[in-house]
Amino acid sequence: MSRDLVQAQILTNLSNPAHGLLQLAPRVGKTKLAIEIIKKEKPKKILWVTPNTKLRDEDIPAEFKKWKATVYLRKTDIICYASLSNHTGNYDKIILDEHQDLSPNNCIPLLNGKIKYKTILGLSGTHPKHKEKQDLYNELKLETLSEMSIDEAVENNLIAPYKIKIIEL
């Protein structure tokens with residue numbers, strides 16, 4: 001199965017607007033999917049939250065350009081999780097890139113209304129199982145919208161097979 005076909009199936013199965021979590025293996029194309037969702041939904045104001053400054057300043061803007069969505073880049077505030085706790089604003093769509101970086105401290109503005117939003121889309125290849133994180137997702141009403149494990153990505157030839165060797169000490 002091709003990456004484009006997998007992405008098309010995911011897009012087809014999402015509600016409009018999409019609100020929830022995409023838990024997809026690395027290399028499935030979460031960033032492209034998020035940009036395609038943005039293009040489909042046409043939000044007026046977007047907040048993209050990312051783990052680090054390189055993603056904020058270089059990678060995410062480059063992805064918007066690569067997928068021909070510069071009109072939406074101009075409507076997007078890109079910040080790091082470290083800044084989220086001090087942020088305010090009103091957004092149609094929030095993208096939580098690597099949503100496992102959401103914490104009880106940095107998500108306070110999402111919970112207390114300092115950041116107003118219509119929908120949130122969380123992206124991650126390493127979805128956390130901790131109760132604390134699950135409680136946050138539940139509070140934000142974020143359920144899994146689509147899921148693909150690393151093993152499923154290997155089966156679909158989206159990523160190379162791997163072997164894990166355990167070396168005991």
Side-chain angles (χ1 to χ4, degrees), residues 6-57 59-61 63-64 67 69 72-150 152-153:
V6 167
Q7 291 172 352
Q9 286 177 342
I10 291 168
L11 285 170
T12 299
N13 293 329
L14 292 176
S15 61
N16 187 4
H19 179 83
L21 305 172
L22 296 179
Q23 298 170 186
L24 305 170
R27 314 294 352 134
V28 171
K30 292 177 288 294
T31 303
K32 181 185 179 202
L33 272 168
I35 291 171
E36 291 302 321
I37 290 165
I38 287 168
K39 288 162 65 174
K40 182 179 176 182
E41 294 178 6
K42 299 175 178 32
K44 290 179 176 61
K45 190 78 172 146
I46 304 155
L47 176 64
W48 194 298
V49 188
T50 190
N52 62 58
T53 56
K54 183 179 182 304
L55 285 166
R56 180 194 68 199
D57 299 339
D59 298 345
I60 299 304
E63 290 286 320
F64 272 88
W67 303 115
Y72 293 104
L73 177 58
R74 290 189 290 272
K75 299 175 182 189
T76 303
D77 294 336
I78 307 171
I79 66 169
C80 294
Y81 280 96
S83 304
L84 183 59
S85 62
N86 300 318
H87 198 75
T88 61
N90 194 349
Y91 298 93
D92 296 308
K93 176 66 95 189
I94 295 177
I95 305 294
L96 297 176
D97 197 351
E98 303 298 344
H99 66 252
Q100 71 272 11
D101 288 348
L102 194 65
S103 73
N105 287 337
N106 65 23
C107 80
I108 290 171
L110 298 173
L111 298 171
N112 70 13
K114 288 190 177 184
I115 297 177
K116 293 176 181 26
Y117 62 90
K118 293 180 182 170
T119 60
I120 294 175
L121 186 65
L123 313 172
S124 182
T126 53
H127 183 69
K129 306 258 188 270
H130 306 94
K131 183 179 177 346
E132 177 183 78
K133 300 282 185 175
Q134 295 306 314
D135 290 346
L136 284 178
Y137 303 143
N138 288 337
E139 256 189 281
L140 294 168
K141 297 176 177 55
L142 298 174
E143 295 181 3
T144 301
L145 302 174
S146 188
E147 197 169 14
M148 179 181 282
S149 69
I150 291 175
E152 290 171 305

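Everything numeric here is computed off the predicted structure, so don't read it as measured data.
- Atom CG of L110 is separated from atom OH of Y117 by 6.0 Å, given to the nearest 0.5 angstrom.
- Taking the side chain as every heavy atom from C-beta outward, L22 and L14 approach each other to under 4.5 Å.
- The shortest side-chain heavy-atom distance between L11 and I37 falls under the 4.5 Å cut-off.
- Here the side chains of I60 and I95 are not in contact, with every heavy-atom distance at 4.5 Å or above.
- The structure places CH2 of W48 at 10.0 Å from CG of L55, a figure rounded to the nearest 0.5 Å.
- Here the side chain of Q23 pairs no donor or acceptor atom with the backbone of T144 at under 3.5 angstrom.
- The two residues K30 and A25 come nearest to each other via the heavy atoms NZ-O, 3.3 Å.
- D57 approaches P61 most closely through the heavy-atom pair O-CG, 3.7 Å.
- Between E132 and P104, some side-chain heavy-atom pair lies under the 4.5 Å cut-off.
- Between atom CD of residue E36 and atom CD of residue Q7 there is a gap of 8.0 Å, rounded to the nearest 0.5 Å.
- Side-chain N or O atoms of K39 include one that pairs as donor or acceptor with a backbone N or O of W67 at under 3.5 Å.
- No side-chain donor-acceptor contact under 3.5 Å links E98 to the backbone of T50.
- Side-chain contact between P109 and T88 is absent, with no heavy-atom pair separated by less than 4.5 Å.
- No donor-acceptor distance shorter than 3.5 angstrom exists from the side chain of K75 to the backbone of K42, with no hydrogens or angles considered.
- Atoms CG and CD1, on L47 and I79 in that order, are 4.5 Å from each other to the nearest 0.5 Å.
- Taking CG of N106 as the reference point, atom CG of D101 lies at 8.0 Å (rounded to 0.5 Å).
- In this pair, Y137 and H99 present their aromatic rings perpendicular. The plane angle is above 60°, beyond the 30 to 60° band.
- Across every non-hydrogen atom of K40 and N16, the tightest pair is CE-ND2, 4.1 Å.
- Taking 4.0 Å as the cut-off between side-chain N and carboxylate O, K45 and D77 count as a salt-bridged pair.
- Atom CG of L121 sits about 9.5 Å away from atom NE2 of H19, to the nearest 0.5 Å.
- Side-chain contact check for S124 versus L21: every heavy-atom pair is 4.5 Å or farther apart.
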List the steps, then state whether side-chain contact (heavy atoms from CB on, under 4.5 Å) holds for N13 with L145. CA-CA 9 Å; N13 293 329; L145 302 174; over 6 Å; no
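- By the neighbour-count criterion of 12 heavy atoms within 6.0 Å, atom NZ of K118 is sparsely surrounded, having that number or fewer from other residues, nucleotides or ligands.
- Within the 4.5 Å cutoff, side-chain heavy atoms of L24 are placed close to those of I10.
- Here the closest heavy-atom approach between residue P128 and residue Q134 is recorded as O-NE2, 2.7 Å.
- Smallest separation of non-hydrogen atoms from S103 and L136: C-CD1, 3.4 Å.
- Considering only heavy atoms from C-beta on, C107 comes within 4.5 Å of L102 through its side chain.
- Of all the heavy atoms in D97 and P51, the pair that sits closest is O-CD, 3.7 Å.
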